[in-house]
Student: 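This is the structure I have questions about; it appears just below.
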Amino acid sequence: MDGAGDGAHEDAGIIDTISVIRTKRDGAELSDAQIDWVIDRYAREHAHVADEQMSALLMAILLRGMSRREIARWTEAMINSGRRMDFSGLRRNGRRLVTVDKHSTGGVGDKITLPLAPLVASFGVAVPQLSGRGLGHTGGTLDKLEAIPGWRAEIDPADMVTQLERVGAVICAAGGDLAPADRRLYALRDVTATVEAIPLLASSIMSKKIAEGTGALVLDVKFGTGAFLKTEAESRELAQTMVELGESAGVRSRALLTDMNTPLGRTAGNALEVAESVEVLAGGGPDDVVELTLALAREMLDAAGLDVDPVVNLANGKAMDVWRAMITAQGGDPAAPLPQARHTDTVVAGDSGVVTRVDAWDVGIAAWRLGAGRAVPGENVQAEAGITVHAKPGERVRRGDPLFTMHTRTPERFAAARASLATAVTVDDAPSERTPLIAGRVTVGA
């Protein structure tokens with residue numbers, strides 16, 4: 001029986017689960033054969049590797065780490081557990097369409113994909129954006145878009161190709177046959193405190209992105225209280241690992257390191273973030289959301305071989321045109337009113353002064369407690385729930401001024417959310433130095 005052997009070693013031509021766990025537990029490198037074997041067995045419908053055994057291996061990887069070779073092979077094995085998509089045949093008016101995608105490691109108020117995908121697509125680039133749902137304090141792109149009446153996340157591959165050729169952008173759920181090993185591993189990592197393991201983070205993200213078949217990839221790797229990785233050094237290590245994985249697989253890759261100590265924009269919550277994204281596409285919106293959208297757009301367009309200024313298509317309405325076409329193509333009504341909460345409550349400043357801190361973690365937890373997020377995969381979310389942030393770092397407030405507005409359909413949630421927001425803001429006598437939103441850029445060898 002697999003996993004129940006006596007720990008025989010690969011030297012004897014036999015691989016079993018216990019010997020794989022023991023190898024990593026003792027700090028040695030896993031062989032290519034061991035990695036291929038354990039991922040293949042765990043990905044199967046009737047698992048030959050038990051969850052508790054894979055949990056032990058994941059914890060050993062968290063504690064012992066992985067070499068670049070191990071990470072690359074682990075990623076390749078997860079890709080090989082399913083199918084690969086191919087967009088090389090995309091054409092418009094007889095011209096081949098270049099594909100470029102973006103991935104964010106997640107945060108609070110991170111609605112950047114919504115304005116970014118149509119903006120980049122408005123320059124004639126195809127953006128196949130396979131996205132996910134939120135869990136815990138971080139929001140999910142699909143949850144946000146599902147606040148739009150009629151919009152659907154699930155579309156089949158043929159419709160995805162048609163939409164990319166006609167519209168230029170698609171934001172949808174990844175199919176279940178795309179790196180299916182990662183789907184099982186992701187769920188297990190979430191309940192075994194191994195989400196933060198950089199080798200596992202890198203391989204999880206890049207297995208899906210490489211299998212997706214995009215020609216180029218720009219990564220938004222976040223650090224801070226609202227991110228999975230708390231320090232810039234950790235985020236840089238993750239970014240470098242992912243960029244190397246992408247380049248090795250033939251995907252032109254680069255990354256930006258961005259600060260997630262403060263929520264992005266002035267909203268956290270699904271319908272609230274959609275509305276803010278539309279403001280950006282209309283030429284307005286919060287400065288930080290616009291700044292990061294444009295920075296990532298420049299990277300994506302450069303990776304696609306274009307030397308253009310994305311500001312132009314925000315100003316002339318072309319990005320908005322693609323947004324409307326993209327939402328309509330997936331069954332949504334871009335003109336329909338977004339859901340609004342039946343109940344709101346306001347948190348006000350207790351002191352006068354300058355806001356020096358708005359903590360992304362506290363705001364994210366408050367939005368989650370109001371119903372904007374889920375505690376377990378598959379749980380329903382409230383489209384209208386969330387937080388409006390009225391004061392950002394550097395802005396002055398007077399005692400009694402609004403700091404946050406809470407939105408929910410279930411007012412009994414206000415007390416728990418308010419408790420989180422009680423520690424979210426620092427007001428001081430003088431402004432502190434502004435922390436740059438974009439802390440660095442990572443490319444191959446840099």
Student: Please find the pair of heavy atoms, one from G213 and one from T99, that lie closest to each other, and give the distance.
Tutor: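 For G213 and T99, the tightest heavy-atom pair comes out as O-OG1, 4.2 Å.
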
Student: So how far is it from R266 CZ to E279 CD, rounded to the nearest 0.5 Å?
Tutor: 10.5 Å

Student: Is there a side-chain contact between Q382 and H407 (heavy atoms, below 4.5 Å)?
Tutor: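 Q382 does not reach H407 side chain to side chain.
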
Student: Side chains of L437 and L264, heavy atoms from C-beta outward: is any pair under 4.5 Å?
Tutor: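 Sidechains of L264 and L437: in contact.
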
Student: Between the side chain of R413 and the main-chain N/O of R369, is any donor-acceptor distance below 3.5 Å?
Tutor: yes

Student: Can you tell me how far apart CD (E291) and CG (D287) are? Round to the nearest 0.5 Å.
Tutor: 8.5 Å

Student: Working to the nearest 0.5 Å, report the span between CZ of R96 and CZ of R91.
Tutor: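 Nearest 0.5 Å value for the CZ-CZ distance: 7.0 Å.
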
Student: Is it the case that the side chains of N313 and S122 hold a donor-acceptor pair, with the cut-off being a distance below 3.5 Å and no angle test?
Tutor: yes

Student: Could you walk me through whether V20 and Q53 pass the side-chain contact (heavy atoms from CB on, under 4.5 Å) check?
Tutor: CA-CA 10 Å; V20 174; Q53 292 175 311; over 6 Å; no

Student: Does F414, at its CZ atom, have more than 12 non-hydrogen atoms belonging to other residues, nucleotides or ligands within less than 6.0 Å?
Tutor: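 Counting neighbours around CZ of F414, more than 12 heavy atoms of other residues, nucleotides or ligands fall under 6.0 Å, so yes.
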
Student: Please test Q129 against L116 for side-chain contact (heavy atoms from CB on, under 4.5 Å), starting from the C-alpha separation and ending with a verdict.
Tutor: CA-CA 10 Å; Q129 181 78 56; L116 178 64; 5.8 Å; no

Student: Any donor and acceptor pair, going by atom type alone, linking the side chain of K111 with main-chain N or O of T267 inside 3.5 Å?
Tutor: yes

Student: Which one of I39, L200, L57 satisfies the side chain to side chain contact (heavy atoms under 4.5 Å, CB included) criterion with L185?
Tutor: I39

Student: Rounded to the nearest 0.5 Å, what separates atom CG in D182 from atom CZ in R189?
Tutor: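 Separation between the atoms: 7.0 Å.
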
Student: Tell me whether D220 is salt-bridged to K222, with the criterion being a basic N under 4.0 Å from an acidic carboxylate O.
Tutor: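 Salt bridge present between D220 and K222.
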
Student: Heavy atoms only: give me the nearest L188-S55 pair and the separation to one decimal.
Tutor: CD1-OG, 3.5 Å

Student: As a quick check of understanding, evaluate side-chain contact (heavy atoms from CB on, under 4.5 Å) for T105 and L229, giving each step before the final call.
Tutor: CA-CA 9 Å; T105 55; L229 299 179; over 6 Å; no

Student: Carefully, step by step, assess R184 and D51 under the rule side-chain contact (heavy atoms from CB on, under 4.5 Å).
Tutor: CA-CA 9 Å; R184 293 200 67 200; D51 282 347; 3.2 Å; yes

Student: Does K392 come within less than 4.0 Å of D288, counting only side-chain N to carboxylate O?
Tutor: yes

Student: Looking at E412, I want to see if its CD is surrounded by more than 12 non-hydrogen atoms of other residues, nucleotides or ligands under 6.0 Å.
Tutor: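 Counting other residues, nucleotides and ligands, CD of E412 exceeds 12 neighbours.
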
Student: Is it true that a side-chain atom of T328 and a backbone atom of A325 form a donor plus acceptor pair closer than 3.5 Å?
Tutor: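 No, T328 side chain to A325 backbone: no donor-acceptor pair under 3.5 Å.
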
Student: Are Q34 and K24 packed together at the side-chain level, in the sense that at least one heavy-atom pair is separated by less than 4.5 angstrom?
Tutor: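 No, every pair of side-chain atoms sits at 4.5 Å or beyond.
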
Student: For S88 and D86, indicate whether the former's side chain and the latter's backbone hold a donor-acceptor pair under 3.5 Å.
Tutor: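 No.
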
Student: Ignoring hydrogens and angles, tell me if any N or O in the side chain of N261 forms a donor-acceptor pair with the backbone of T225 under 3.5 Å.
Tutor: yes

Student: Using every non-hydrogen atom in the two residues, find where V49 and Y42 come nearest and quote the distance to one decimal.
Tutor: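 Closest heavy-atom pair between V49 and Y42: O-CD1, 3.3 Å.
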
Student: Salt bridge check, R44 against D40: does any charged N sit closer than 4.0 Å to a carboxylate O?
Tutor: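 Between R44 and D40 there is a salt bridge, with a charged N closer than 4.0 Å to a carboxylate O.
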
Student: Keeping the roles fixed (side chain from R83, backbone from D177), state whether a donor-acceptor pair exists under 3.5 Å.
Tutor: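 The answer is no, because no donor-acceptor pair under 3.5 Å joins these two groups.
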
Student: Has the side chain of T426 got a donor or acceptor atom that lies under 3.5 Å from a matching backbone atom of R357?
Tutor: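 Not at all, since once roles are kept as given, no pair shorter than 3.5 Å links the two residues.
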
Student: Indicate yes or no for a side-chain donor-acceptor contact from R374 to the backbone of N380 under 3.5 Å, with no hydrogens or angles considered.
Tutor: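 Absent.
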
Student: Do W151 and I327 have side-chain heavy atoms sitting under 4.5 Å apart?
Tutor: yes

Student: Evaluate the ring planes of F228 and H137, with Trp represented by its six-membered ring, and classify them as parallel (under 30°), tilted (30 to 60°) or perpendicular (over 60°).
Tutor: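 Judged by the thresholds at 30° and 60°, the geometry between F228 and H137 is perpendicular.
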
Student: Nearest 0.5 Å please: distance from the CE atom of M406 over to the CZ atom of R418.
Tutor: 4.5 Å

Student: A side-chain contact here means heavy atoms from C-beta on lying under 4.5 Å apart; do D32 and R69 qualify?
Tutor: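 Answer yes - side chains close enough.
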
Student: Under 4.5 Å between any side-chain heavy atoms of I112 and S104, yes or no?
Tutor: no

Student: Is the shortest distance from a Lys or Arg side-chain nitrogen in E299 or K102 to a carboxylate oxygen in the other one below 4.0 Å?
Tutor: no

Student: Do E212 and K208 sit within salt-bridge range, that is, some charged N less than 4.0 Å from a carboxylate O?
Tutor: no

Student: I want to check something: taking the side chain as every heavy atom from C-beta on, are V108 and T138 in contact at a cut-off of under 4.5 Å?
Tutor: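 No, too far: nothing below the 4.5 Å cut-off.
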
Student: Supply the atom-to-atom distance I79 CD1 to S207 OG, rounded to the nearest 0.5 angstrom.
Tutor: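 Result: 6.0 Å between the selected atoms.
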
Student: Under 3.5 Å, side chain of T293 to main-chain N/O of V289, donor-acceptor pair present?
Tutor: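 Flag set: sc T293 to bb V289 pair under 3.5 Å.
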
Student: If you take all heavy atoms of P115 and L281, which pair is closest and at what distance?
Tutor: O-CD2, 3.7 Å

Student: Heavy-atom count check: over 12 atoms from other residues, nucleotides or ligands less than 6.0 Å from W74 CH2?
Tutor: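 It does: W74 CH2 has more than 12 such atoms within range.
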
Student: Output yes when a side-chain donor or acceptor of E70 lies under 3.5 Å from a complementary backbone atom of L30, and no otherwise.
Tutor: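 Side chain of E70 to backbone of L30: a pair is present.
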
Student: Does the pair E384/R409 count as a salt bridge with the N-to-O cut at 4.0 Å?
Tutor: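 A salt bridge is present here (some side-chain N lies under 4.0 Å from a carboxylate O).
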
Student: Are L164 and P128 side-chain neighbours, meaning at least one heavy-atom pair lies under 4.5 Å?
Tutor: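 The answer is yes; the side chains approach within 4.5 Å.
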
Student: Could you report the tightest heavy-atom contact between R298 and D309, atom names first, then the distance?
Tutor: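 Closest heavy-atom pair between R298 and D309: NH2-OD1, 3.7 Å.
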
Student: Looking only at heavy atoms, which two atoms of F223 and T231 are closest? And how far apart?
Tutor: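 The pair with the smallest heavy-atom distance is CB-O, 3.4 Å.
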
